[in-house]
Colleague: 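The structure follows.
This one's a predicted model, so the numbers in the text were calculated from it and none came from an experiment.
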Amino acid sequence: MNRKNYKVGKNQKIEDVLNQMKKEGYTPIRRMEKPVFIERDNGEVVVDHQEITFVGQRTD
């Protein structure tokens with residue numbers, strides 16, 4: 001397996017994910033952000049948070 005995806009949790013720091021990637025022997029080659037929407041009671045749609053995913057490539 002040459003590449004692996006790492007998703008940043010809602011209450012997780014980006015730095016923690018990058019350290020985990022380094023520890024497992026991967027280096028980030030791509031960062032993707034996707035908005036996560038919620039619908040409020042009045043029907044209004046708003047962005048709740050950003051979903052961040054890193055693609056890591058094996059360093060060795």
Colleague: For the atom pair CZ (F54) and CG (L18), what is the distance rounded to the nearest 0.5 Å?
Modeller: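 Reported to 0.5 Å precision, the distance equals 4.5 Å.
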Colleague: Hey, are the side chains of P28 and V55 touching, using non-hydrogen atoms and a 4.5 Å cut-off?
Modeller: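 A side-chain contact is absent here, since even the closest heavy-atom pair is not under 4.5 Å.
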Colleague: Distance check, rounded to the nearest 0.5 Å: I29 atom CD1 versus Q57 atom CD?
Modeller: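 If I round to the nearest 0.5 Å, the distance is 4.5 Å.
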Colleague: For atom CG of N42, decide whether the heavy atoms of other residues, nucleotides or ligands shown that lie under 6.0 angstrom number more than 12.
Modeller: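 Enclosed.
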Colleague: Looking at Y26, does the NZ or CZ of R58 lie under 6.0 angstrom from its six-membered ring centre and within 45 degrees of the ring axis?
Modeller: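 Yes, a cation-pi geometry.
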Colleague: Does I38 form a side chain to side chain contact (heavy atoms under 4.5 Å, CB included) with V45? I'd like the steps, not just the answer.
Modeller: CA-CA 6 Å; I38 59 170; V45 177; over 6 Å; no
Colleague: Measure across V8 and Q12 and return the closest heavy-atom pair with its distance rounded to 0.1 Å.
Modeller: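 For V8 versus Q12, the nearest heavy atoms are CG1-O, 3.5 Å.
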Colleague: Let me confirm one number: the CD1-CD distance from I52 to E33, rounded to the nearest 0.5 Å.
Modeller: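 Here the rounded value is 4.5 Å.
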Colleague: Does a salt bridge link D48 with K10, judged by any charged N lying under 4.0 Å from a carboxylate O?
Modeller: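 Yes, D48 and K10 are salt-bridged.
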Colleague: Could you walk me through whether T27 and M21 satisfy the side chain to side chain contact (heavy atoms under 4.5 Å, CB included) test, starting with their C-alpha distance in whole Å, then the side-chain angles of each, then the deciding distance to 0.1 Å, before giving a yes or no?
Modeller: CA-CA 6 Å; T27 186; M21 290 176 72; over 6 Å; no
Colleague: Calculate, to the nearest 0.5 Å, the distance between atoms NZ and CE belonging to K7 and M32 respectively.
Modeller: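 Result: 11.0 Å between the selected atoms.
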Colleague: Check this for me, if you would: do K22 and E24 make a salt bridge, where the nitrogen-to-carboxylate-oxygen distance has to be below 4.0 angstrom?
Modeller: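 The answer is no: the pair does not qualify as a salt bridge.
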